[in-house]
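Sequence lines set the chain letters: A, B, ... in the order given, protein chains first and strands last, and positions in each chain run from 1.
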2 protein chains.
Amino acid sequence: MKIGELGRATGTSVETIRFYEAEGLLSAPARNAANYRVYELAHLERLSFIKRSRDLGFTLDQVRELLRLADDPGNSCAGVDVITARHVAEIDRKLADLNALRGELVRRLDSCQGPTIADCRIIEALSPKSAAE
Amino acid sequence: MKIGELGRATGTSVETIRFYEAEGLLSAPARNAANYRVYELAHLERLSFIKRSRDLGFTLDQVRELLRLADDPGNSCAGVDVITARHVAEIDRKLADLNALRGELVRRLDSCQGPTIADCRIIEALSPKSAAE
DNA sequence: ATGCACCCTGAAGTCACTATAGGGTCAAGC
DNA sequence: GCTTGACCCTATAGTGACTTCAGGGTGCAT
């Protein structure tokens, strides 16, 4: 399996796969006569794991840790739980921030009536002279 | 007003102010005999505008555009509305993504029962052999 | 032999800062 | 007059997770 196939199979770009190899997340595969990377099933599985973790928003450092934990089936599950719970807490923080942001923006959009900048409530809200806080 | 005062007045770090100057967002102020930057009220107002916009999640490119629009009071307000509406749409996308993510993570956390990795539902969900999709 | 899709390396660019190294300035206190 | 400390300066590199670019090699079909 060449790098392009692996990319298509996992939904990862070729550049990203090479990047993961350089980062030590994915082990360097064998090379054929033309110096092309040749991947085995184990690589596909590993990269799928990485892709899923990234899609769930884990950082590369967290993925590294999850891989380390997953590699030993005797390990306690607690480490995984901790990483996941911490990640959920982080997401909750981001959700709260974004919701607050959205509220402010929509409020400003709704109040914008005049046709020119001089009457624009959004610009007005951003400008220091009308500072509301 | 020196750079440190300006920073305290706007809640911006000294490094960030110099960065904004290098980026062309904030015009270069006069210098005193010691080559220190000396800021006027106009700089404070401009930087406040930038800070507010950034706090609302606009990118520096969007801030640049907002500043350009705000500079001419005769401009149509429509441009500002478009930038803001686009930004709200972007936030909505992020909110949906984060909510979906959170749901998946919590579902996995809740279902994690066994004490070791071998029984861990989170690792299982990340591993390709149990691919659910 | 020519085109095209694919592969390779190494380096630089992205975003919005943050940090670091190595220095100069200024007022207060000894 | 000398030191201490807070402040200021420039230039450069680092962050995360890639992406893009420059400049080339490979493999197969036409």
Side-chain angles (χ1 to χ4, degrees), chain A residues 1-26 28-40 43 46-47 49-67 83 86-87 90-91 94 97-98 101, chain B residues 1-26 28-40 43 46-47 49-67 83 86-87 90-91 94 97-98 101:
Chain A
M1 179 176 237
K2 280 186 290 182
I3 196 168
E5 288 172 82
L6 180 62
R8 277 187 298 277
T10 56
T12 315
S13 83
V14 165
E15 292 79 14
T16 299
I17 296 173
R18 287 196 282 248
F19 169 74
Y20 285 162
E21 182 182 323
E23 286 292 296
L25 281 157
L26 200 58
R31 300 293 182 114
N32 69 10
N35 197 33
Y36 289 11
R37 286 169 180 83
V38 181
Y39 292 97
E40 308 300 326
H43 289 105
R46 188 99 169 169
L47 183 54
F49 186 103
I50 298 171
K51 181 68 161 58
R52 276 157 199 280
S53 304
R54 288 292 299 133
D55 284 350
L56 285 170
F58 289 104
T59 67
L60 285 192
D61 271 351
Q62 288 172 324
V63 175
R64 244 180 282 268
E65 185 65 9
L66 288 173
L67 282 168
I83 294 174
R86 214 172 271 160
H87 187 35
E90 175 74 9
I91 287 174
K94 279 187 193 165
D97 283 358
L98 281 179
L101 231 66
Chain B
M1 176 176 240
K2 282 188 288 181
I3 196 168
E5 289 173 81
L6 180 61
R8 277 186 298 277
T10 56
T12 314
S13 83
V14 165
E15 291 79 12
T16 299
I17 296 174
R18 287 197 282 247
F19 169 73
Y20 286 163
E21 182 182 324
E23 286 293 297
L25 280 157
L26 201 58
R31 301 290 184 118
N32 70 10
N35 197 33
Y36 289 9
R37 286 170 180 82
V38 181
Y39 293 96
E40 308 301 325
H43 289 107
R46 187 98 168 168
L47 182 54
F49 187 102
I50 297 172
K51 179 69 161 58
R52 277 157 198 278
S53 305
R54 290 289 301 133
D55 284 349
L56 286 170
F58 289 105
T59 66
L60 286 192
D61 270 350
Q62 288 173 325
V63 175
R64 242 179 283 268
E65 184 65 9
L66 287 172
L67 281 168
I83 293 174
R86 216 172 267 159
H87 186 35
E90 175 74 8
I91 288 175
K94 280 187 191 162
D97 283 1
L98 281 177
L101 233 65

Phosphate-side-chain proximity, [X] and [N], N/O vs OP1/OP2 below 4.0 Å:
| X | N | value |
| --- | --- | --- |
| R18(A) | dC18(D) | no |
| T16(A) | dT19(D) | yes |
| R37(B) | dT10(D) | yes |
| R31(A) | dT9(C) | yes |

What is the distance, rounded to the nearest whole Å, between atom [atom1] of [X] and atom [atom2] of [N]?
| X | N | atom1 | atom2 | value |
| --- | --- | --- | --- | --- |
| I17(A) | dT9(C) | CD1 | P | 13 Å |
| K2(B) | dA27(C) | NZ | P | 8 Å |
| E21(A) | dC8(C) | CD | P | 9 Å |
| F19(A) | dA12(C) | CZ | C1' | 14 Å |

Discussion item. Quick check on DNA chain C: between I3(A) and T59(B), whose nearest nucleotide comes earlier from the 5' end?
Written reply: I3(A)
Contact summary for [X] and [Y], nearest pair of heavy atoms:
| X | Y | result |
| --- | --- | --- |
| H87(A) | L56(A) | NE2-O, 2.8 Å |
| R54(B) | T59(B) | NH1-CA, 3.8 Å |
| I17(A) | I3(A) | CD1-O, 3.7 Å |
| I50(B) | Y20(B) | CG2-CE1, 3.7 Å |

Item to complete: Between Y36(A) and Y20(A), name the one whose nearest nucleotide on DNA chain D is closer to the 5' end.
Response: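 Its nearest nucleotide being more 5', the pick is Y20(A).
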Response to the item:
Nearest-nucleotide check on DNA chain D, N32(A) vs E15(A); residue mapping nearer the 5' end is E15(A)
